[in-house]
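Just so it is clear, the structure is predicted and the values come from calculations on it, not from any experiment. Here is how names work: the chains are called A, B, and so on, in the same order as the sequence lines, proteins then strands, and each is numbered from 1.
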2 protein chains.
Amino acid sequence: MGFTKKHIFNENQNLVANYTKVLGHPARISIIQQISDKKYCNCNELVKIIGLAQPTISQHLAEIRKIGLLKQTVKGKNLFYSINTEKLNICRRVVNDFFVKTQVSCGK
Amino acid sequence: MGFTKKHIFNENQNLVANYTKVLGHPARISIIQQISDKKYCNCNELVKIIGLAQPTISQHLAEIRKIGLLKQTVKGKNLFYSINTEKLNICRRVVNDFFVKTQVSCGK
DNA sequence: ATTTAAAATTGTGATATTGCAATATCACGT
DNA sequence: ACGTGATATTGCAATATCACAATTTTAAAT
């Protein structure tokens, strides 16, 4: 088939999976790291640093944007991306909660 | 293409992506939660609880096993899965490190 | 208005993933 | 040995993902 039966899972399970799915590609991990290291970063810079084609980077950026992890600032012809730290924090908490709850369940 | 250019990323980026990729499906999140809730759980129970076909659950279990998150105990004809808490802890730390480092980089 | 540069979108081919039916395997009980 | 129940494997169809060339869109600069 190829599609996911999301409806048979609860909201939190889909949420955790949604976040981790986006993180589940090294290019997106790298993009997030580069943007946070440089504070601001445009698409072209990422293309040069990472070594994937511009449309590919653009696509990955779009997926990271979908879960709200990026902010954008237009400066001339350049579009600078930065990390939405509030959202990153939420994401971290959601994922960490999954780990913690799982570990607690195991132990008791 | 459809394949990932892993060689252009560093070890840690691939590691983080590897872990999160496995977590990036609600069925696998659900399976991990069920096993940890019940301490021990066999395939059939998961099939009944989750509502996916036996081969599908078996496949998802195999992917979770690949990153070492599961222990197995044979009891008669049953194969009971439990969480490898040490590995889960490592996984949690790797993923959390990514979040923390990203946030620290942003802030400074 | 025209050129230029940056980034998104579109289209496409290759590969991966999801899900399941059918089958195979494995271990126990008879 | 044979049947039974549990799980893994195989094969397949549908869909999704990854990567990129070509194109379009956007906005500044000339």
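No contact: B:F80 has no heavy atom under 4.0 Å from any strand. Note on B:T4: only backbone sugar-phosphate atoms sit closer than 4.0 angstrom, heavy atoms only; bases stay farther off.
By the 30° and 60° cut-offs, the orientation of the rings of A:H60 relative to A:H25 is tilted.
Summarising the geometry, the separation between OH on A:Y40 and C1' on C:dA7 is reported as 19 Å, rounded to the nearest angstrom.
Nearer the 5' end of DNA chain C, as judged by each residue's closest nucleotide, is the contact made by A:L79, out of A:K5 and A:L79. Mapping B:P55 and A:K21 onto DNA chain C by nearest heavy atom places A:K21 closer to the 5' end of the strand. Map A:F3 and A:Q54 each onto its nearest nucleotide of DNA chain D; the residue landing nearer the 5' end is A:F3. If B:N44 and B:K6 are placed on DNA chain D by their nearest nucleotide, the residue sitting closer to the 5' end is B:N44.
Side-chain N/O atoms of A:H25 include none lying less than 4.0 angstrom from OP1 or OP2 on C:dT17. Proximity of A:N42 to the phosphate of C:dA7: a side-chain N or O atom is located under 4.0 Å from OP1 or OP2.
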**Request:** For side-chain contact (heavy atoms from CB on, under 4.5 Å), just list the numbers for A:V16 and A:D97, CA-CA rounded to whole Å, side-chain angles, deciding distance to a tenth of an Å, and then say yes or no.
**Result:** CA-CA 9 Å; A:V16 175; A:D97 267 20; over 6 Å; no
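Checked against B:V94 for a side chain to side chain contact (heavy atoms under 4.5 Å, CB included), the options B:T20, B:N89, B:N18, B:L15 give a single hit: B:L15.
For B:K77, whose side chain is taken as the heavy atoms from C-beta onward, the closest listed nucleotide among D:dC20, C:dC28, C:dC20 is C:dC28.
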